[in-house]
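I have placed the structure first, in the form of structure tokens, so that the comments after it can refer back to it.
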Amino acid sequence: MAQRAPTASKKSPQVSAQVIKDLHERMVRIRLFETEAGKLMEAGKLPGFLHLYVGQEAVAAGVMAALRDDDQITSTHRGHGHAVAKGVGFREMYAELYGRVTGACLGRGGSMHINDLTRGMLGANGIVGAGVPIAVGAAFAARYKGEDNVAVTFFGDGATNIGAWHEGANMAAILGLPVVFVCENNGYAEFTPQSGHMLLTDVADRAAAYGMPSVIVDGMDAVAVHRAAAEAVERARAGAGPMMIEAKTYRYFDHQGVKGLRHPYRSDEEVAEWKARDPIDLLEVRAVADGTATRAELDDVWQRTRDEIADAIAYAEASPLPDPADLLLNVYSG
Amino acid sequence: MAQRAPTASKKSPQVSAQVIKDLHERMVRIRLFETEAGKLMEAGKLPGFLHLYVGQEAVAAGVMAALRDDDQITSTHRGHGHAVAKGVGFREMYAELYGRVTGACLGRGGSMHINDLTRGMLGANGIVGAGVPIAVGAAFAARYKGEDNVAVTFFGDGATNIGAWHEGANMAAILGLPVVFVCENNGYAEFTPQSGHMLLTDVADRAAAYGMPSVIVDGMDAVAVHRAAAEAVERARAGAGPMMIEAKTYRYFDHQGVKGLRHPYRSDEEVAEWKARDPIDLLEVRAVADGTATRAELDDVWQRTRDEIADAIAYAEASPLPDPADLLLNVYSG
Amino acid sequence: MTTTTEAPAVTPVAAPRKLSYVKAFNEGLAQAMREDENVFVAGEDVAGYGGVFRMFDNLLDEFGPRRMIDTPISEAALVGLGVGAAARGLRPVVDLMFMDFIGVCLDQIVNQAAKMKYMFGGALSVPLTITTASGAGLGAAAQHSQSLEAWLAHVPGLKVVMPSDAYTAKGLTVSAIRDDNPVVIMLNKVLLGSTSEVPEEIYGIPLGQAHTARHGSDVTVIALGRMVGEALAAADELAAEGVEIEVIDPRSVQPLDTETMFASVRRTNRVLVVHEAVTFGGLGAEIAAQIQDAVFDYLDAPVLRIGAPFSPVPFSPVLEKAYVPDRARIAQGCRRLLERS
Amino acid sequence: MTTTTEAPAVTPVAAPRKLSYVKAFNEGLAQAMREDENVFVAGEDVAGYGGVFRMFDNLLDEFGPRRMIDTPISEAALVGLGVGAAARGLRPVVDLMFMDFIGVCLDQIVNQAAKMKYMFGGALSVPLTITTASGAGLGAAAQHSQSLEAWLAHVPGLKVVMPSDAYTAKGLTVSAIRDDNPVVIMLNKVLLGSTSEVPEEIYGIPLGQAHTARHGSDVTVIALGRMVGEALAAADELAAEGVEIEVIDPRSVQPLDTETMFASVRRTNRVLVVHEAVTFGGLGAEIAAQIQDAVFDYLDAPVLRIGAPFSPVPFSPVLEKAYVPDRARIAQGCRRLLERS
Ligand SMILES: Cc1ncc(C[n+]2csc(CCOP(=O)(O)OP(=O)(O)O)c2C)c(N)n1
Ligand SMILES: Cc1ncc(C[n+]2csc(CCOP(=O)(O)OP(=O)(O)O)c2C)c(N)n1
Ligand SMILES: [Mg+2]
Ligand SMILES: [Mg+2]
């Protein structure tokens with residue numbers, strides 16, 4: 001069954017111009033970071049795997065704009081968007097993709113382990129679903145210490161089929177922890193459509209199995225995501241326990257890499273339908289139409305970001321490689 | 001939160017006298033098998049652990065009376081009731097509890113691994129939830145081979161919190177396999193009440209997360225269980241896919257052993273309330289009242305079963321121990 | 001179903017057919033599926049997509065959706081499905097994609113598949129095959145690069161094979177599927193595209209029979225999986241120095257054919273074991289322990305082990321290269337063994 | 001938090017206090033909780049019930065439900081909770097009840113807890129303690145009796161300790177909790193009620209430091225966990241025959257103090273390693289491999305390993321008894337070593 005693009009909400013967004021600009025900038029940053037990363041991979045400059053986030057920007061941007069710096073997130077194999085939106089620097093991220101010692105993981109982790117504890121980014125993760133219980137633990141720690149930060153865990157539609165996801169959801173619910181569960185439903189788990197991996201139309205319906213409320217949002221509409229996230233986050237922060245958000249979204253590139261397609265698992269029409277509702281376009285058109293931003297302002301964001309990316313890539317390329325003599329660095333503490 | 005005993009259905013059971021007698025006999029067989037096993041354990045005659053099924057007889061009896069011999073079941077750590085009801089012999093079972101070479105596992109498995117492939121009993125299991133995917137596999141095999149047998153997997157309320165349960169339920173649903181999920185909700189996972197391990201009142205509500213229908217039955221009423229099971233089994237046999245039954249029931253003895261209580265996790269009132277609705281009493285009273293069976297007929301079942309048990313225990317005690325020289329027997333096939 | 005078709009002697013014909021490792025695996029699997037209607041394949045993206053490593057290419061076309069099953073991301077249920085189906089007489093092949101994912105389903109492999117026959121008093125067999133891709137070298141980092149054969153070989157009831165080239169990838173796959181026990185096939189990711197001569201007809205390679213890949217009299221090198229090729233390359237290098245290395249490929253690590261190793265060491269008196277896995281607690285430890293026990297008096301030097309250092313697999317290629325043993329380190333090890341009088 | 005209070009010398013006072021293994025564990029845990037507000041305990045029935053082995057008795061009374069958490073049967077989420085909480089600065093103690101259940105949560109232990117610091121470039125520590133009961137001897141059969149230290153010791157980033165008596169149960173527990181790395185504490189089920197002298201004050205026992213439990217000159221016996229007591233009993237038996245056995249208790253198997261072993265073997269020239277786990281691929285293999293490598297020239301006989309045979313743990317006590325190594329087999333092994341010239 002093909003993933004259908006939700007139709008745009010006609011309601012005018014009830015968020016401030018500042019938030020709109022914030023969402024826009026976060027999305028542009030992700031889009032350009034990822035597009036350039038894809039090009040670098042195609043050019044053979046990056047080792048390892050690359051799961052690009054392009055198309056899903058509204059989700060990371062919308063959620064992260066609702067978080068404080070000390071709020072914690074756990075991410076997935078498709079984690080760059082979350083990292084960028086949470087404020088992890090381009091330099092550390094590209095340097096990591098290049099395997100340089102200046103990278104976010106000192107070159108030890110690569111794409112799937114980018115993290116930044118100073119920004120509450122508790123790491124991408126190579127194991128589907130594994131970040132879910134870790135976020136539950138982060139939320140536990142917050143409550144234990146009497147802090148009011150919350151944890152957000154991102155996962156795909158496919159990830160909701162794995163045991164750790166189920167266990168993590170129930171654990172958060174029974175312990176009443178401040179965790180927001182964000183399902184980025186892009187309609188596919190690798191090459192398997194949602195209809196091939198679960199009988200439900202809405203992943204959000206799974207929340208009820210844990211006594212957890214849930215909401216479904218248009219994952220191409222950053223404002224819609226943001227409003228839902230702000231509500232869920234405030235709810236969690238106030239001690240009302242976990243909640244789930246399902247954002248219906250789409251990835252533009254292949255599961256891994258840029259164009260590895262050898263199996264027509266998605267139709268051209270489907271891809272086109274979703275791209276026609278590109279989250280950045282959508283936000284820009286509305287922002288210009290309602291006077292929130294001028295075209296020039298928006299263009300300036302793109303240009304500034306491009307410059308920052310060029311600098312970051314140059315930084316990464318100029319950075320030294322790790323020293324094989326340090327192979328055992330950080331295996332243990334102390 | 002205390003587990004409340006459901007009130008008895010006032011509807012007169014719409015099943016034949018033969019089925020009533022069948023249910024009665026299966027329950028008596030379980031009750032006596034378990035009561036005697038408990039005594040043997042108390043007397044220090046049985047090594048290992050013993051998770052008694054007393055109190056829950058209506059579930060095993062009700063479900064198994066709806067199955068054919070070639071239907072398959074997977075069971076749990078609390079598996080004697082399922083085995084007895086599925087027709088596994090007392091001799092092999094007691095001999096196994098005694099660790100004799102004549103036992104159901106040749107003395108290798110003990111209580112938690114009793115099985116009988118000739119009766120479709122695919123084994124008790126020491127790992128909570130592990131039997132669930134195995135039943136899914138058995139159902140897969142049936143459909144693959146074009147056979148119309150179904151698989152039933154038993155599990156407790158607590159087991160629905162483990163990943164394998166979730167994965168198994170979704171797998172059965174998406175593959176549309178003939179599996180019946182039977183939750184024996186006895187209100188506790190070891191010493192933790194249901195309210196301490198999930199936010200739901202009805203475990204059956206979890207079925208919706210897989211697009212699976214479900215039904216809740218009075219697990220002290222063998223007829224009610226039987227009718228629900230017959231429906232679910234026929235549905236599965238007809239190719240309509242999996243379904244979940246939640247039977248609200250209670251265990252009379254401790255989680256493990258007979259009276260290991262050191263923590264008042266259940267009130268005397270609660271225990272008494274449930275015992276007042278003893279599944280065998282309930283059936284006997286109704287059967288005598290509506291003329292389905294005479295007291296003498298029912299007593300005869302008890303007596304015959306007692307005799308068979310005495311014989312089986314004598315058989316077990318007279319059976320030889322395994323020979324340590326055969327330690328490596330059956331590690332591999334071929 | 002345990003009969004093993006012996007490998008046909010590779011007679012030198014006009015143009016011996018070469019096949020890649022992954023295609024040889026695929027061919028063996030397809031032939032085993034043709035041979036036995038009870039064989040089916042289940043896993044994530046194995047059917048429609050043909051597997052992320054193309055291990056299952058074209059099988060959906062030939063065998064259809066009844067025998068090629070795409071599953072949700074639910075490895076515990078996937079292996080459990082295999083266990084249940086095997087218990088009921090089928091011969092499932094379930095794919096774990098990356099070996100590193102085994103941590104989410106090890107209970108079904110170790111506590112269910114491996115022990116069921118024993119615990120049940122022999123009442124059934126579990127003819128389950130588990131395929132998975134292991135090994136470092138692709139910059140896939142710590143959670144997608146492990147070689148965990150030591151865990152599995154420590155489990156009574158399991159068998160574990162590590163094909164070292166296309167020929168063994170096919171033959172071990174066929175034997176694994178024909179075997180009545182749970183067998184884990186560890187395909188090496190770096191070898192997927194490597195080619196060697198592969199007979200067209202179906203053939204099995206006996207599990208638990210080591211193969212002497214090269215004969216030599218000076219040092220025995222026992223190499224697992226991808227390290228066999230590295231050892232052969234090291235042998236070439238050392239041959240130029242006048243040193244003759246014997247290379248043994250155990251092919252299966254459980255059961256492990258130690259007799260072939262002992263016999264070799266009795267001749268060479270020096271032995272090196274090499275694998276990709278971390279040295280500490282790796283298979284090399286078991287092999288070394290058995291050798292020093294069985295042929296103690298023949299050893300002119302302690303058994304030398306080469307494996308990965310005690311760290312997770314690093315991402316950066318410069319580190320990963322230093323991490324994984326290679327021909328240079330093997331040659332180096334052999335020289336060290338020979339220096340010892 | 002990595003400072004280790006050295007074990008106070010056990011000075012012979014009027015009536016040295018004896019405590020059971022499980023109570024010593026409990027006392028160490030309670031003292032560590034008093035010492036550090038960031039320590040909490042989570043697991044199935046650990047709070048209200050005090051743990052099925054009474055490991056957590058009375059802790060709920062003292063520390064309340066904030067620090068003693070009963071969880072659902074969700075071991076993957078339980079360990080994950082610990083990983084996340086540890087990453088955020090707490091010092092979680094999570095309980096797995098039976099070690100055999102590790103197969104349902106190994107991913108969180110091995111791919112998350114153990115690797116996180118490394119993969120993240122050192123950005124954090126994971127000061128997580130995992131407690132679990134291991135070992136055979138209670139007729140608990142194949143899924144409730146395993147000793148799986150070999151799996152864990154093979155994982156870079158983890159530490160693993162195996163207390164052999166009440167004294168080490170307390171001290172290793174304290175050190176595990178104080179350690180900034182993930183540490184698995186394997187309590188032995190059969191030892192739970194066994195008693196030994198245990199100081200009342202809090203003390204740590206350094207991880208990675210073996211203890212020579214008995215000095216002797218004829219054979220070194222390296223024994224893990226419960227086997228230490230068996231080895232000491234065998235030593236008594238052999239002493240009557242005029243044979244002096246040195247018994248080494250590694251206490252922690254990762255890190256493993258091989259120097260103490262090497263030094264001993266240099267004096268005794270004969271060594272036996274004994275553990276409850278299956279011999280093939282067990283820790284004994286690693287120890288044997290290291291010893292034959294490091295002190296090859298000092299060995300008068302090959303390193304002898306004694307472990308369980310290659311089968312799941314059988315249920316029937318008569319089989320289980322034959323399965324688990326004991327003092328008789330250890331004594332027998334020592335005699336065999338001494339026969340060898
Ligand atoms: C436990 C585990 N199983 C399988 C994989 C391989 N894998 C990586 S991503 C992926 C698909 C995930 O789908 P989804 O959760 O929908 O996320 P998306 O890729 O669509 O963002 C799979 C199967 C894995 N990394 N971990
Ligand atoms: C994976 C796993 N975790 C924990 C246990 C220990 N354990 C055995 S039975 C049990 C409680 C099961 O509760 P429930 O599913 O409700 O079944 P009941 O005992 O009530 O019949 C637990 C925690 C286990 N055997 N396996
Ligand atoms: Mg997806
Ligand atoms: Mg229960």
Side-chain angles (χ1 to χ4, degrees), chain A residues 46-49 77 95-101 103 105-113 124-130 156-166 188-194 196-198 255-256 260 262-265 320-332, chain C residues 43-54 56-58 60 65 69-80 97-98 100-105 107-108 136-146 189 278 280 308-324:
Chain A
L46 306 184
F49 299 140
H77 57 288
E96 189 57 37
L97 297 186
Y98 272 88
R100 304 299 161 117
V101 75
C105 312
L106 312 188
R108 269 64 177 182
S111 166
M112 283 191 282
H113 306 294
N125 208 310
I127 304 296
V128 165
D157 48 307
T160 66
N161 294 319
I162 202 153
W165 180 85
H166 169 74
Y188 293 86
E190 289 193 350
F191 312 97
T192 300
Q194 185 185 337
H197 66 70
M198 64 171 71
H255 167 67
Q256 195 277 123
R262 61 175 195 263
H263 171 67
Y265 65 102
L321 291 166
D323 182 349
D326 295 335
L327 214 45
L328 296 184
L329 190 73
N330 289 320
V331 179
Y332 288 97
Chain C
E44 292 152 27
D45 290 309
V46 295
Y49 197 70
V52 299
F53 299 112
R54 317 198 72 141
F56 307 99
D57 262 7
N58 304 318
L60 178 62
I69 323 288
D70 277 331
T71 68
I73 310 175
S74 308
E75 284 85 359
L78 170 62
V79 178
M97 203 181 294
F98 286 82
D100 312 68
F101 305 164
I102 209 165
V104 302
C105 57
D107 179 71
Q108 285 289 337
L138 299 185
Q143 293 174 337
H144 284 77
S145 303
Q146 292 165 87
K189 292 195 280 289
V278 153
F280 191 105
F310 205 60
S311 97
V313 182
F315 165 66
S316 189
V318 63
L319 296 178
E320 194 183 27
K321 202 176 157 352
Y323 180 87
V324 182

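What you see is a predicted model, and the numbers here were worked out from it, not measured in a lab. Numbers restart at 1 for each chain; the letters A, B, ... are given by sequence-line order, proteins then strands.
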When the 4.5 angstrom heavy-atom criterion is applied to C/Val318 and chain A, the contacting part is both

Heavy-atom proximity to chain A below 4.5 Å, by part of C/Phe310
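Both the backbone and the side chain of C/Phe310 come within 4.5 Å of chain A.
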
Out of curiosity, [X] [atom1] to [Y] [atom2], how far, rounded to the nearest 0.5 Å?
{"X": "C/Phe315", "Y": "A/Met112", "atom1": "CZ", "atom2": "CE", "answer": "9.0 Å"}
{"X": "C/Ile73", "Y": "A/Ile127", "atom1": "CD1", "atom2": "CD1", "answer": "11.5 Å"}
{"X": "A/Thr192", "Y": "C/Asp45", "atom1": "OG1", "atom2": "CG", "answer": "3.5 Å"}

**Q.** Short side-chain to backbone donor-acceptor contact, C/Ser74 and A/Asn161, under 3.5 Å
**A.**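 Yes, the answer is positive, given that a donor and an acceptor are paired below the 3.5 Å cut-off.
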
Note to self: Less than 4.5 Å apart, side chain to side chain, heavy atoms only: is that true for C/Gln143 and A/His113?
What the structure shows: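 Yes - at least one pair of side-chain heavy atoms lies under 4.5 Å apart.
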
> C/Tyr49 vs A/Tyr265 aromatic rings, parallel, tilted or perpendicular, using cut-offs 30° and 60°?
Replying inline: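 The arrangement is perpendicular - the two ring planes meet at more than 60°.
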
Scored by heavy-atom pairs under 4.5 Å with chain A, the best of C/Ala142, C/Gly139, C/Pro312, C/Ser316 is C/Ser316

Q: Could you tell me which portion of A/Asn125 (side chain, backbone, both or neither) has an atom closer than 4.5 angstrom to a non-hydrogen atom of chain C?
A: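 Interface part for A/Asn125: both.
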
Checklist line | Most chain C-contacting option - heavy-atom pairs closer than 4.5 Å, from A/Gly158, A/Gly196, A/Ala159 | finding: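 Of the options given, most contacts go to A/Gly158.
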
Note: A/Leu327 and C/Pro314 closest approach over all heavy atoms is CD1-CG, 4.1 Å

task: Applying side chain to side chain contact (heavy atoms under 4.5 Å, CB included), name anything that partners C/Ala140, two or more places apart in sequence or on another chain.
output: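 So C/Ala140 forms a side chain to side chain contact (heavy atoms under 4.5 Å, CB included) with A/Phe49, C/His144, C/Ser145.
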
